[in-house]
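What follows is a single structure, written as structure tokens, with notes after it.
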Amino acid sequence: MKNMAYKVFVDIWRLTCKYRFQKLDDNEWENFVTDGYKLFNRYKNTNVEYLFRFLFMAVQSFYENICKGK
């Protein structure tokens with residue numbers, strides 16, 4: 001379980017780094033969401049599914065705030 005949680009954090013971190021912590025255009029946003037859902041499928045129906053969901057929602061919110069200029 002501990003290893004799975006670690007993998008979730010690493011995958012979320014890598015996803016965030018891939019999109020460079022910057023404002024995303026529409027195409028980049030679609031790619032970001034697609035990449036996130038691909039990762040989600042890795043953790044679906046596991047003990048860490050909700051951990052992934054909450055972290056991914058937090059990262060989505062982070063990018064949405066950047067796009068809104070907050």
Side-chain angles (χ1 to χ4, degrees):
M1 174 84 137
K2 193 175 3 175
N3 289 336
M4 288 291 289
Y6 173 79
K7 288 178 183 180
V8 168
F9 282 103
V10 170
D11 282 342
I12 291 290
W13 175 252
R14 287 179 179 160
L15 178 65
T16 308
C17 289
K18 179 179 179 180
Y19 291 93
R20 301 171 308 277
F21 299 92
Q22 65 184 14
K23 186 175 182 177
L24 304 177
D25 62 26
D26 290 338
N27 189 43
E28 289 173 320
W29 178 258
E30 287 180 30
N31 291 336
F32 168 76
V33 171
T34 299
D35 289 346
Y37 283 115
K38 285 179 187 175
L39 285 175
F40 171 72
N41 286 328
R42 181 180 301 172
Y43 299 108
K44 190 174 180 179
N45 299 319
T46 67
N47 291 334
V48 293
E49 177 180 346
Y50 285 105
L51 176 62
F52 180 85
R53 284 177 185 255
F54 290 127
L55 289 172
F56 184 57
M57 284 189 305
V59 171
Q60 282 179 307
S61 178
F62 169 78
Y63 280 108
E64 287 170 352
N65 286 334
I66 287 175
C67 291
K68 293 176 185 175
K70 293 183 179 178

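- The minimum heavy-atom distance linking Glu28 with Gln22 is given by the pair OE2-NE2, 4.3 Å.
- Not a single donor-acceptor pair under 3.5 Å links the side chain of Tyr19 to the backbone N or O of Trp29.
- Residues Met1 and Tyr6 do not share a hydrophobic cluster, defined by chaining ILVMFWY side chains whose heavy atoms lie under 4.5 Å apart.
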**OP:** Before giving the answer on side-chain contact (heavy atoms from CB on, under 4.5 Å), spell out for Val8 and Met4 the whole-Å C-alpha distance, their side-chain angles and the decisive distance to 0.1 Å.
**Re:** CA-CA 6 Å; Val8 168; Met4 288 291 289; 5.7 Å; no
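- Of the candidates Phe9, Tyr43, Phe32, Phe32 is the only one forming a ring pair (Phe, Tyr, Trp, His ring centres under 6.0 Å) with Phe56.
- If you chain together hydrophobic residues whose side chains sit under 4.5 Å apart, Tyr63 and Phe54 never meet in one group.
- A distance of 10.0 Å separates CG in Asn47 from CD in Glu49, rounded to the nearest 0.5 Å.
- In this pair, Phe40 and Tyr37 present their aromatic rings perpendicular. The plane angle is above 60°, beyond the 30 to 60° band.
- Note on ring orientation: taking the six-membered ring where Trp is involved, the planes of Trp13 and Phe21 are tilted (angle from 30° to 60°).
- Annotation: the span from Lys18 atom NZ to Asp35 atom CG amounts to 3.5 Å, rounded to 0.5 Å.
- Within a 6.0 Å sphere centred on CG of Asn41, heavy atoms belonging to other residues, nucleotides or ligands number more than 12.
- Residues Leu39 and Val10 are members of separate hydrophobic clusters, defined by side-chain heavy-atom contacts under 4.5 angstrom among Ile, Leu, Val, Met, Phe, Trp and Tyr.
- Met57 contributes atom CE, which lies 11.0 Å from atom CD of Glu64 (distance to the nearest 0.5 angstrom).
- Across every non-hydrogen atom of Ala5 and Val48, the tightest pair is N-CG1, 3.9 Å.
- Here the CD1 atom belonging to Ile12 is positioned 5.5 Å from the CG atom belonging to Leu55, to the nearest 0.5 angstrom.
- Shown here for Gln60 and Val33, the closest heavy-atom pair between the two residues is NE2-CG2, 4.2 Å.
- The shortest non-hydrogen separation linking Arg42 to Thr46 is O-CG2, 4.3 Å.
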